[in-house]
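Just so you know, these numbers use all the heavy atoms, side chains as well, and skip hydrogens, waters and symmetry mates. Here the structure is a predicted model, which means the values were calculated and not measured.
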Amino acid sequence: MKIVVLDGHTANPGDLSWAELEAMGDLTVYPRTAPDETVARACHAEILLTNKVVVGRNEINQLPHLQYIGVLATGYNVVDLAAARERGIIVTNVPAYSTESVAQMVFAHLLSVTNHTEHYAHENRRGRWSGSSDFCYWDTPLTELSGKTMGIVGLGNIGRRVAQIALAFGMEVKALTSKPANALPEGLHKASLHEILSTSDVVSLHCPLTADTHHLVNRETLGMMKRTAILINTGRGPLVDNHAVSEALSSGSLYAYCADVLAEEPPQADNPLLHLSNAYITPHIAWATIDARRRLLQTAIQNVRSFLNGHPENVV
């Protein structure tokens, strides 16, 4: 069985092992694959694994041996599912592997804004505390989360975990969700998008990217938010109109924007969000703890094993 991994570097830059997958067939792992290299590299593959390399209709039509595509992620928009189904190709993903890590990143970002730990650590490396006239100093606002309102847009696995942590901080939590109010976990309040945006001190995005949610946060919806609000996006970059957010941050109509995802990745060097002092941008790493990546590989390998055993799991 010929197995090809098109872009293995981000999931496993060398600190994890492909050995279990290698035991299942003739394995080739490419760290990265450019679009014009996909067909040549996958032309003999029966099993193909991809993270961000697109396997569209054009590619599928040129891969005569392909029987299985495993996506090394939860989102599977990189695969043309209709084309795969027409060929009888099984497509799987890896659900819920990064829930804890992404929820943790939400609060890493939030605490960066409310407590500015990186700022003070940097200042103290320069000797500022050593030269202080008092036993302490601060030159930024310091904010307590308890009693503040967090609005969560989308209540899937990650959204629910973020809600639990927010409740543990003593926050009031409102959620935009299709679930009925009586089915929500204790402490969560169902709310409309307008209520969440207009009343929340923190808004965290966890909804899928669809035609309806593309640029869900835009100039109009930003205008509903408090000037003191913190917006967090660890979901999908295009949920947010980056230009509108940049304008809001620059004008002071939005206090801070925290994002682990952008509409274009990697971003252009002149993207204003990379340079604004109240934009906190991390390079799509919320999922990338070694714990989450280990779960990712374990599930992806088990998906292949189940397929080979005739009982595929996590089929999309």
Side-chain angles (χ1 to χ4, degrees), residues 6-13 30-38 50-56 71-79 98 101-113 116 118-119 122 153-154 158 162 202-211 213-222 225 229-289 292-293 296:
L6 289 173
D7 51 345
H9 177 76
T10 50
N12 179 15
Y30 295 101
R32 302 169 186 86
T33 293
D36 60 359
E37 297 174 321
T38 302
T50 181
N51 187 332
K52 292 293 183 286
V53 177
V54 173
V55 184
V71 182
L72 296 169
T74 301
Y76 44 85
N77 57 303
V78 296
V79 177
S98 64
S101 293
V102 177
Q104 179 176 308
M105 179 62 88
V106 169
F107 286 90
H109 270 294
L110 181 53
L111 293 170
S112 289
V113 178
H116 300 279
E118 183 178 3
H119 164 73
H122 174 74
V153 180
I158 296 172
V162 169
V202 182
V203 175
S204 193
L205 304 179
H206 300 286
C207 53
L209 178 62
T210 66
T213 61
H214 184 268
H215 284 187
L216 179 73
V217 177
N218 52 49
R219 189 172 286 107
E220 179 183 356
T221 51
L222 283 165
M225 298 178 67
I230 300 166
L231 175 64
I232 303 174
N233 184 12
T234 56
R236 294 289 183 266
L239 294 173
V240 171
D241 180 339
N242 288 341
H243 183 68
V245 168
S246 298
E247 288 181 344
L249 292 171
S250 298
S251 67
S253 57
L254 179 67
Y255 183 69
Y257 179 51
C258 304
D260 188 58
V261 288
L262 293 175
E264 182 183 13
E265 297 177 348
Q268 296 294 317
D270 61 354
N271 186 318
L273 291 175
L274 301 179
H275 308 286
L276 290 168
S277 62
N278 51 350
Y280 300 75
I281 310 299
T282 48
H284 205 144
I285 55 171
W287 68 282
T289 63
R293 289 186 293 107
L296 170 67

Heavy-atom side-chain proximity of W287 to T74 below 4.5 angstrom: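 Not in contact.
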Contact check, side chains of L239 and L209, non-hydrogen atoms, under 4.5 Å: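 Result yes, sub-4.5 Å side-chain heavy-atom pair found.
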Taken in chain and number order and not counting sequence neighbours, the residues that satisfy side-chain contact (heavy atoms from CB on, under 4.5 Å) with E118 are none
Backbone of [Y] reached by a side-chain donor or acceptor of [X] within 3.5 Å:
X    : Y    : value
S250 : E247 : no
H275 : A269 : yes
T50  : L6   : no
N51  : D7   : no

Which atom names give the shortest non-hydrogen contact between V202 and I232, and what distance separates them? CG1-CD1, 3.8 Å
For the student: nearest non-hydrogen atoms of L296 and A11, plus distance: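 Answer, listing the atom of L296 first, then A11: CD2-CB, 3.9 Å.
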Counting only heavy atoms not in Y280, do more than 12 fall under 6.0 Å of its OH? yes
Would you give the length of the straight line joining atom [atom1] of [X] to atom [atom2] of [Y], rounded to the nearest 0.5 angstrom?
X    : Y    : atom1 : atom2 : answer
C207 : R236 : SG    : CZ    : 10.0 Å
H116 : L111 : NE2   : CG    : 11.0 Å
L254 : I230 : CG    : CD1   : 9.0 Å
H243 : L273 : NE2   : CG    : 10.5 Å

Are a donor atom and an acceptor atom from the side chains of D260 and T234 found within less than 3.5 Å of each other?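 The answer is no; no qualifying pair exists.
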In chain order, what residues pass the side-chain hydrogen bond (donor to acceptor under 3.5 Å, both in side chains) check against N218, with sequence neighbours excluded?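 Counting only residues at least two positions away or on another chain, N218 forms a side-chain hydrogen bond (donor to acceptor under 3.5 Å, both in side chains) with T221.
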Contacts of T289 that satisfy side-chain hydrogen bond (donor to acceptor under 3.5 Å, both in side chains) - sequence neighbours left out: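 Once residues adjacent in sequence are excluded, the partners of T289 under the side-chain hydrogen bond (donor to acceptor under 3.5 Å, both in side chains) criterion are S101.
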